[in-house]
There are 2 protein chains.
Amino acid sequence: MKLALQINMNPSLYLRDPEGTDLGKNIIKHSIQLIHDTGFEAFTFKKLAESIGTTEAGVYRYFENKHKLLVYIISWYWRWLDFQIGYQTKNLTNPVSKLKKVITILATTVEDDLMTGHVDESILHQILISEGSKAFLTKQVNQDNKQEYFKPYKDLCNTVGEIILECNPKYKYPHSLASTIIEMAHLQNFFMNHLPLLTDFSKSKDEKEIIKYLEDLVFNTIRI
Amino acid sequence: MKLALQINMNPSLYLRDPEGTDLGKNIIKHSIQLIHDTGFEAFTFKKLAESIGTTEAGVYRYFENKHKLLVYIISWYWRWLDFQIGYQTKNLTNPVSKLKKVITILATTVEDDLMTGHVDESILHQILISEGSKAFLTKQVNQDNKQEYFKPYKDLCNTVGEIILECNPKYKYPHSLASTIIEMAHLQNFFMNHLPLLTDFSKSKDEKEIIKYLEDLVFNTIRI
DNA sequence: TTTAAATAATAGTATTACTATCTTAAATAA
DNA sequence: TTATTTAAGATAGTAATACTATTATTTAAA
């Protein structure tokens with residue numbers, strides 16, 4: 001018996017549902033690995049096809065282009081994070097503990113979740129750090145947004161915003177603070193590892209420091 | 001008589017100094033316009049050459065590739081911001097006023113500075129919002145960093161960090177908070193205009209709201 | 001005035017980002 | 001069981017990108 005967590009995705013992101021076939025699952029699995037290894041700029045469908053053992057045309061039958069594949073992968077992770085937050089905070093009654101949990105989830109490199117066979121969440125977390133913002137920092141962002149490509153991000157932001165409001169119902173900027181926490185959980189990690197002088201964690205290079213920084217930022221801001 | 005502000009750039013960013021010739025200045029001027037119009041992904045040296053009225057080979061004599069040109073442009077703006085902050089805060093004695101000034105400078109779309117003939121700062125500000133993080137979110141970030149490409153960003157971050165410490169010498173994360181302010185001044189602007197549900201400024205779409213959010217964030221965090 | 005340097009003009013290459021077509025293999029329906 | 005749809009594999013082709021190289025022409029400095 002195998003438990004499976006099914007995350008449902010926006011169908012206009014793909015031509016054929018990658019969850020439905022072995023080749024599809026391989027496309028997801030190998031693209032996560034390859035984007036992580038080479039970076040999104042150098043990532044091509046040809047290299048992906050080679051690493052799977054299929055042809056370029058085979059990949060194109062599933063995804064129109066590499067941008068949509070990136071958005072697929074990134075928004076999959078946003079949904080997964082949203083699910084994790086719901087799951088890991090559902091028994092907590094104290095909103096401050098909830099928010100601390102949220103920060104920890106966002107800022108910690110996760111272990112591979114066995115409930116999602118072909119997706120390695122620990123690599124996905126790295127991709128979100130390095131490539132995440134490339135999903136929306138494009139000229140087509142408004143069109144993509146109309147197609148609801150970023151709904152998972154908005155949902156995640158909303159979940160976090162709700163918890164912020166539980167801590168302090170009068171706080172005026174719950175969504176902005178939520179997106180700040182999410183983005184900074186990733187960006188401070190990138191800076192810590194690659195441009196350490198932009199952070200105060202250059203010595204330890206420890207994720208726990210990022211968590212402490214974010215907790216200090218958030219709880220002072222909402223005055224807890 | 002013409003006042004000119006000369007910003008000195010890292011020579012390993014270019015093959016020939018673009019500040020030294022008309023063609024060079026045209027490359028900077030038109031690339032700022034073209035990157036803004038088409039986005040960095042669609043920006044090519046061929047299109048740039050056409051818009052200038054020169055040839056592709058002409059551009060390649062100045063810059064090895066479009067990534068270096070982007071880093072050149074972005075780091076020019078970091079330096080300019082750093083200069084602006086120094087200039088506009090030098091007569092302020094109160095550190096809190098200084099920090100407010102900094103936030104305003106970072107979050108406000110500037111007007112074209114006439115001291116820098118061929119550079120339009122208001123467009124550059126837009127480029128920083130949409131393309132800025134692409135300068136460092138690459139696989140080559142460590143190499144680029146060794147070449148000191150991001151020194152202007154670090155200097156800027158340090159300037160802001162110093163002012164934070166003037167406000168509260170005991171605050172523990174001046175660099176991280178500085179990079180958070182800089183990044184969020186840009187990203188909240190992008191979200192406000194393209195993904196408004198990730199912010200709390202969806203109705204007004206007013207930069208002043210971002211400033212208020214950042215001031216609230218910063219001064220509560222450092223407990224002023 | 002000579003000479004060196006910068007630019008313009010042109011051509012060429014490997015790779016990328018696709019599209020199209022045709023064949024084969026596997027699953028399903030009649 | 002056969003017929004038929006459907007997915008996958010194999011191959012080819014194209015326009016654009018990201019360069020490099022070569023030669024000719026103009027401009028500027030010695």
Side-chain angles (χ1 to χ4, degrees), chain A residues 9 11-31 34-35 37-73 118 131 134-135 138-140 143-144, chain B residues 11-31 33-35 37-73 118 131 134-135 138-140 143-144:
Chain A
M9 300 296 294
S12 49
L13 280 171
Y14 51 77
L15 298 169
R16 196 194 303 299
D17 183 7
E19 291 292 331
T21 64
D22 280 356
L23 178 57
K25 283 176 193 163
N26 267 320
I27 288 173
I28 301 304
K29 181 179 177 174
H30 284 83
S31 60
L34 201 57
I35 290 173
D37 293 346
T38 65
F40 186 63
E41 284 72 35
F43 168 79
T44 69
F45 276 6
K46 193 174 185 189
K47 289 177 196 163
L48 175 60
E50 273 161 22
S51 97
I52 297 171
T54 182
T55 58
E56 235 181 318
V59 179
Y60 275 104
R61 251 177 265 122
Y62 282 82
F63 289 96
E64 243 178 281
N65 52 54
K66 71 176 189 170
H67 175 247
K68 289 200 175 185
L69 177 51
L70 180 70
V71 175
Y72 182 97
I73 286 171
H118 55 293
E131 322 288 344
K134 295 171 192 170
T138 67
K139 275 281 153 184
Q140 338 132 48
Q143 283 153 257
D144 286 1
Chain B
S12 50
L13 280 170
Y14 50 77
L15 298 169
R16 196 192 303 298
D17 183 7
E19 290 292 330
T21 63
D22 280 355
L23 179 57
K25 283 175 192 164
N26 267 320
I27 289 174
I28 301 304
K29 182 180 175 172
H30 285 84
S31 61
Q33 191 63 55
L34 201 57
I35 290 173
D37 293 346
T38 65
F40 185 63
E41 283 73 35
F43 167 80
T44 69
F45 276 5
K46 193 174 187 189
K47 287 176 196 164
L48 175 60
E50 273 160 23
S51 97
I52 297 171
T54 183
T55 56
E56 232 182 320
V59 179
Y60 275 105
R61 247 177 276 119
Y62 283 81
F63 289 96
E64 243 179 281
N65 53 55
K66 70 175 189 171
H67 175 247
K68 289 201 176 185
L69 177 51
L70 179 71
V71 175
Y72 182 97
I73 285 171
H118 56 292
E131 322 289 345
K134 295 171 193 171
T138 67
K139 275 282 152 182
Q140 337 134 47
Q143 284 153 257
D144 286 0

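Throughout, a chain's letter reflects where its sequence line sits, starting with A, and its residues are numbered from 1.
In this structure the side chain of Leu69(A) reaches within 4.5 angstrom of the side chain of Phe45(A), judged on heavy atoms. Between His67(B) and Val71(B), some side-chain heavy-atom pair lies under the 4.5 Å cut-off. Looking at Ile73(B) and Glu131(B), their side chains never come closer than 4.5 Å, going by heavy atoms from C-beta outward. Counting heavy atoms from C-beta on, the side chains of Phe63(B) and Ile28(B) come closer than 4.5 Å.
Partner of Leu48(B) under the side-chain contact (heavy atoms from CB on, under 4.5 Å) criterion, chosen from Thr54(B), Thr38(B), Ile27(B), Ile35(B): Ile27(B).
Not counting sequence neighbours, the partners of Glu50(A) by the side-chain contact (heavy atoms from CB on, under 4.5 Å) test are Lys46(A). The salt bridge (charged side-chain N to carboxylate O under 4.0 Å, His left out) check on Lys66(A) picks up nothing, with sequence neighbours excluded.
One distance of note links CE of Met9(A) with CD of Glu19(A); it measures 8.5 Å at 0.5 Å rounding. Atom CG of Leu34(A) and atom NZ of Lys47(A) lie 7.0 Å apart (nearest 0.5 Å).
Nucleotide dA17(C) holds its C1' atom 17 Å from the CZ atom of Phe63(A), rounded to whole Å.
At distances below 3.5 Å, not a single donor-acceptor pair connects side-chain atoms of Asn26(A) with backbone N or O atoms of Lys29(A).
Near DNA chain C, defined here as any heavy-atom distance below 4.0 Å, the residues from residues 15-23 of chain B are Arg16(B), Thr21(B), Leu23(B), listed numerically.
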Could you write out each protein N or O paired with an N or O of nucleotides 10-16 of chain C at a distance under 3.5 Å?
none

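A donor-acceptor contact closer than 3.5 angstrom is absent between the side chains of Tyr72(A) and Ser31(A).
Tyr60(A) comes within 4.0 angstrom of a base, heavy atoms only. Residue Tyr62(A) is classed as a sugar-phosphate contact, given heavy-atom separations below 4.0 Å to backbone atoms only.
Between Lys139(A) and Glu41(B) there is no salt bridge, since none of the side-chain N atoms of the basic residue sits less than 4.0 Å from a carboxylate O of the acidic one.
Of all the heavy atoms in Tyr60(B) and Leu15(B), the pair that sits closest is O-CD1, 3.1 Å.
Running 5' to 3' along DNA chain D, contacts with non-hydrogen atoms of chain B at under 4.0 Å begin and end at dT17(D) to dA21(D).
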Applying the Watson-Crick and G-U criteria (both distances under 3.5 angstrom) with [ ] for crossing and | for other-strand pairs, one obtains for DNA chain C ||||||||||||||||||||||||||||||

